[in-house]
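Below: one structure, written as structure tokens.
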Amino acid sequence: MGGKAFSLVTWLARAHLARMSNPSSRVGTVFLVGAGPGDPDLLTLRAARLVMNARVLVHDGLVDPAILAMAPKGCRMISVAKQRSRHTMRQEEINALLVREALAGNDVVRLKGGDPFVFGRGGEEAEDCFAAGVPVQVVPGISAAMGAAASAMIPLTHRDAASIVSFVAGQCKGLTDQNWAGLAGVGRTLVIYMGVATSDAIAEKLMADGLAPDMPVAVIENAARPQMRVLRGTLAALGPLVSDNKVKSPALIVIGEVAGRGDMMELKQVLEAVQ
Ligand code: SAH
């Protein structure tokens with residue numbers, strides 16, 4: 001408790017100093033805005049309003065061009081696109097950019113795919129802004145898991161199949177060190193973000209934890225976008241499912257009984273066709 005109080009005081013002192021050194025009297029606000037999985041219709045009203053009125057908009061690579069097109073003429077658009085193998089701007093540089101713009105008096109719309117606080121590094125950006133005395137507002141977005149679940153007709157929970165759902169990051173860094181024991185299995189749904197490149201290792205890791213090789217899996221590529229693909233299979237064959245179909249990022253992997261209920265998707269398509 002004492003330690004926490006001290007760090008808050010230090011933080012406020014730093015923020016105060018940062019603001020004193022600010023040449024402009026106005027400090028802008030940084031809005032960390034979730035852009036959802038792609039479809040502009042899945043923006044919240046607050047996100048849409050902020051984008052439509054933005055003067056400075058900082059976005060990453062996952063944000064759909066149709067959403068960027070909603071920004072007004074004259075809006076300064078700054079891309080900090082980041083992909084697994086190609087970093088165009090380091091996270092510290094992005095944080096510094098947000099702080100610099102806000103201290104110069106600009107409100108900044110920082111647009112991120114999905115939700116800013118789900119594997120979105122929104123926490124890091126908010127911390128650096130607060131440390132510099134910059135106010136932050138967070139506008140939640142529909143995370144890829146929810147977007148994918150809705151578009152692929154995969155209920156993440158279902159009273160007959162799953163009452164626990166977990167989100168994990170599957171990228172290589174630290175994959176073997178992460179303890180996923182108990183997150184997947186009967187009665188549970190595991191949603192893996194950023195797991196396409198490591199799908200083989202993910203399947204091995206989960207089977208080593210005792211998961212059945214025939215546990216259903218679904219891979220949802222480009223969820224909530226016109227080019228969406230939903231592939232289904234079993235845990236043991238997850239690696240080949242991804243590689244044979246040349247699945248590319250962005251894609252999610254869902255593991256659990258709910259992923260095997262492909263008949264719902266078929267039923268949906270049949271009913272839509274006869275409407
Ligand atoms: N903040 C984002 C996640 C960013 S991490 C969110 O809440 O959704 C990036 C990962 O999200 C991708 O590697 C992929 O696993 C997933 N992702 C994002 N958009 C997606 C989409 N439209 N379809 C499938 N997966 C998506």
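None of the values given here were measured: they were computed from a predicted structure. Just follow the structure's listing: the first ligand is 1, and inside any ligand the first atom is 1.
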Students should be able to answer this: which protein heavy-atom is nearest to atom 20 (C) of ligand 1, and at what distance? Pro250 CB, 3.6 Å
Near Leu62 (heavy-atom distance under 4.0 Å), the atoms of ligand 1 are 9 (C), 18 (C)
For atom 5 (S) of ligand 1, what's the nearest protein heavy-atom neighbour? Residue, atom name and distance, please. Phe119 O, 3.6 Å
Distance filter under 4.0 Å to Ser249 heavy atoms, resulting ligand 1 atoms: 13 (O)
Quick one: nearest non-hydrogen protein atom to atom 21 (C) of ligand 1, plus distance? Ala223 N, 3.6 Å
Among Val191, Ile192, Val168, Thr234, find the residue that satisfies the side chain to side chain contact (heavy atoms under 4.5 Å, CB included) test when tested with Ile255. Ile192
Provide, to 0.1 Å, the distance between atom 7 (O) of ligand 1 and the closest protein heavy atom, together with that atom's residue and name. Ser143 OG, 2.7 Å
Check Ala224 against Pro37 and note the closest heavy-atom contact, atom names and distance. CB-CG, 3.6 Å
Ignoring angles and geometry beyond distance, decide whether Ala144 reaches within less than 3.5 Å of ligand 1 through its nitrogen or oxygen atoms. yes
Distance from Ile220 atom CD1 to Arg232 atom CZ, nearest 0.5 Å? 7.5 Å
On a heavy-atom basis, I'd like to know which of Tyr193, Phe117, Phe167 is closest to atom 11 (O) of ligand 1. Tyr193
Taking 4.0 Å as the limit for heavy-atom contacts, which would you say applies to Ile192 with ligand 1: side chain only, backbone only, both, or neither? neither
Give a yes or no on whether Phe117 and Ile94 share a hydrophobic cluster (residues Ile, Leu, Val, Met, Phe, Trp, Tyr; joining criterion: side-chain heavy atoms under 4.5 Å apart). yes
Yes or no: does Ala251 have any heavy atom under 4.0 Å from an atom of ligand 1? yes
If we number the atoms of ligand 1 from 1 as shown, the ones under 4.0 Å from a heavy atom of Asp115 are 1 (N), 6 (C), 7 (O)
Does CZ in Arg55 sit with more than 12 non-hydrogen atoms of other residues, nucleotides or ligands closer than 6.0 Å? no
Of all the atoms in ligand 1, which lie at a distance below 4.0 Å from a heavy atom belonging to Ile220? 24 (C)
Please report the closest heavy-atom contact between Pro140 and Thr44, naming both atoms and the distance. O-CG2, 3.6 Å
Salt-bridge contact Arg225-Glu221 (side-chain N to carboxylate O under 4.0 Å): no
With heavy-atom distances below 4.5 Å as the criterion, would you say the side chains of Leu98 and Val134 are in contact? no
Here the atoms of ligand 1 under 4.0 Å from any heavy atom belonging to Val118 are 1 (N), 2 (C), 3 (C), 6 (C), 7 (O)
Distance from atom 13 (O) of ligand 1 to nearest protein heavy atom, with residue and atom: Met194 CG, 3.2 Å
Below 3.5 Å, N or O to N or O, backbone or side chain included: is there any such pair between Ile142 and ligand 1? no
Closest approach of Leu235 to Ala203 (non-hydrogen atoms, all atoms of both residues): O-CB, 3.4 Å
Check this for me: does any side-chain nitrogen of one of Arg121 and Asp128 sit under 4.0 Å from a carboxylate oxygen of the other? no
If you measure only the distance, is there a donor-acceptor pair under 3.5 Å linking the side chains of Gln91 and Glu125? yes
Is ligand 1 less than 4.0 angstrom away from at least one heavy atom of Gly147? no
Measuring from non-hydrogen atoms of Gly113 to any atom of ligand 1, is the shortest distance under 4.0 Å? yes
